[in-house]
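Just so it is clear, the structure is predicted and the values come from calculations on it, not from any experiment. Side-chain atoms are counted along with the backbone in the values below, which use heavy atoms only and exclude waters and symmetry mates.
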Amino acid sequence: QEDPAVTTQQSRQQLGELTDLEAVSQLVPIDGSNLIDAGCGAGHLARGLAGLGAAVLGVEPDPAQAHQNRFAEPVDNVTLVQAGAEALPAEDGSVDGVLFCRSLHHVPKGLMDQALKEAARVIKPDGFVVVIEPGMEGSHYRMMRPFHDETEVRTLAQQALDTTAQTLFEDEQKYVYMQHPRHESFEAMRDFFTSLSFNDISHDMIDVPEVRESFEAARSDDGYVFDQPTLVNVYRKPRT
């Protein structure tokens, strides 16, 4: 049973089924934009944005991932550096947009507000901030919650948006789109979650009856397919 306190889809415009890159490209201008991908991970979104004509600075705070990024194959118009979203390496009013793609809830609890202030600081007066956060509903989250319960940090991220972000920007728009994460097998799902450098999840934490039952319920003719609502907040007109 889901906690009604974390139901976050109300009052959002439905966008249908989209990838993160498709959602971003529908909501904000990409071609010719100078962007920061805050919490870029391995840089997948940054590379996708560059493919659509943007110049992207990807900042990643995790030392292990940032180390891997330094040795990744270079991509035109993509620069990956180690930095935290609470201290973006950019001048005031110097970029067209900042994106947090599933990363705001990974910012340390006491620094989420500062990360949003940094985003407001570095964008141009006509710039934008896009925050993409996984919703706390859907079969994928129910499956992973026993071993990777992010309810607290995802709730804190939404609270930061509902309070701090609204004081930083004059314009806010809210959307939701659906994604369908797919895993080929229980073992493949387990190996994926235990391989993430920013989490400390063991095989034993995942391989429990509750998780296996939720996983098996998602069996389909195309592997194991889950549903995951994804929340998007777009902010414009930073207050001066």
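Residue Glu170 places its CD atom among more than 12 non-hydrogen atoms of other residues, nucleotides or ligands, all under 6.0 Å distant.
The closest donor-acceptor contact from the side chain of Arg102 to the backbone of Glu133 lies at 3.5 Å or more, if one exists at all. A donor-acceptor pair under 3.5 Å links the side-chain atoms of Glu22 to the main chain of Thr19, judged by distance alone. Side chain of Asn77 to main chain of Val56: no donor-acceptor pair is present (N/O by atom type, distance under 3.5 Å, no hydrogens or angles). With Thr194 contributing its side chain and Ser202 its backbone, the two residues share no donor-acceptor pair below 3.5 Å. One N or O on the side chain of Arg154 and one on the backbone of Gly135 form a donor-acceptor pair closer than 3.5 Å. One N or O on the side chain of Arg12 and one on the backbone of Val232 form a donor-acceptor pair closer than 3.5 Å. A distance-only check finds no donor-acceptor pair linking the side chain of Glu86 to the backbone of Leu111 [under 3.5 Å].
Of all non-hydrogen atoms in Pro61 and Gly84, the two that sit nearest each other are CB-CA, 4.1 Å. For the pair Val225 and Ser220, the tightest heavy-atom approach, listed with the atom from each and the gap, is CG2-OG, 3.4 Å. Of all the heavy atoms in Phe100 and Ala119, the pair that sits closest is CE1-CB, 3.9 Å. Here the shortest heavy-atom pairing between Ser103 and Ala38 reads OG-O, 2.7 Å.
The side-chain contact (heavy atoms from CB on, under 4.5 Å) test applied to Asp162 returns Lys174, not counting sequence neighbours. In this view, Asp204 satisfies the side chain to side chain donor-acceptor pair (under 3.5 Å) rule with no residue, not counting sequence neighbours. Residues forming a side-chain contact (heavy atoms from CB on, under 4.5 Å) with Leu15 (at least two apart in sequence, or on another chain): Gln13, Leu18, Leu27, Tyr175, Tyr177. With sequence neighbours excluded, the residues that form a side-chain contact (heavy atoms from CB on, under 4.5 Å) with Gln166 are Glu172. Gln228 is linked by a side chain to side chain donor-acceptor pair (under 3.5 Å) to nothing, counting only residues two or more places apart in sequence or in another chain. Looking at residues two or more places apart in sequence or on another chain, you find a side-chain contact (heavy atoms from CB on, under 4.5 Å) between Phe186 and Met189, Ile206, Asp207, Val211, Arg212, Phe215. Residues passing the ring pair (Phe, Tyr, Trp, His ring centres under 6.0 Å) test with His180, sequence neighbours excluded: none. For His183, the side chain to side chain donor-acceptor pair (under 3.5 Å) test picks out His140, with sequence neighbours left out.
The side-chain heavy atoms of Leu104 and Leu161, taken from C-beta on, include a pair separated by under 4.5 Å. Counting heavy atoms from C-beta outward, Gln82 and Val59 have side chains that stay 4.5 Å or more apart. Val131 has its side chain out of reach of Leu231: every pair of non-hydrogen atoms, C-beta onward, lies at least 4.5 Å apart. Between Leu49 and Leu99 there is a side-chain heavy-atom pair separated by less than 4.5 Å.
No donor-acceptor contact under 3.5 angstrom links the side chains of Asp227 and Tyr141, judged on distance only. Side-chain atoms of Arg145 and Thr151 form a donor-acceptor pair, as typed in the model, at a separation below 3.5 Å. For the residue pair Asp20/Gln179, the side-chain donor-acceptor check at 3.5 Å is satisfied.
Each of Val234 and Ile36 belongs to its own hydrophobic cluster when Ile, Leu, Val, Met, Phe, Trp and Tyr are linked at side-chain heavy-atom distances under 4.5 angstrom. The cluster map of Ile, Leu, Val, Met, Phe, Trp and Tyr, joined by side-chain heavy atoms under 4.5 Å apart, puts Phe193 and Tyr224 in the same cluster.
Among residues at least two apart or in separate chains, ring-ring contact (aromatic ring centres under 6.0 Å, His included) pairs with a member in residues 60-86 are His67-Phe71. Applying the side-chain hydrogen bond (donor to acceptor under 3.5 Å, both in side chains) rule to pairs touching residues 109-125 yields Asp92-Arg121, Asp96-Lys124, Lys109-Glu152, Asp113-Thr164, Glu118-Arg121, sequence neighbours excluded. Here side-chain hydrogen bond (donor to acceptor under 3.5 Å, both in side chains) pairs that include residues 31-52, with residues two or more places apart or in two chains, number zero.
For the atom pair NE2 (His106) and CE (Met112), the distance works out to 9.5 Å, reported to the nearest 0.5 Å. Atoms CD and CZ, from Glu210 and Phe147 in turn, are 10.5 Å apart once rounded to the nearest 0.5 Å. Rounding to the nearest 0.5 angstrom, the gap separating the CE atom in Met205 from the CZ atom in Arg190 is 14.0 Å.
Summarising the hydrophobic clusters (Ile, Leu, Val, Met, Phe, Trp, Tyr; side-chain heavy atoms under 4.5 Å, direct or chained), the residues clustered with Val78 are Val75, Leu80.
A ring-centre distance under 6.0 Å is not found for Phe128 and Tyr235.
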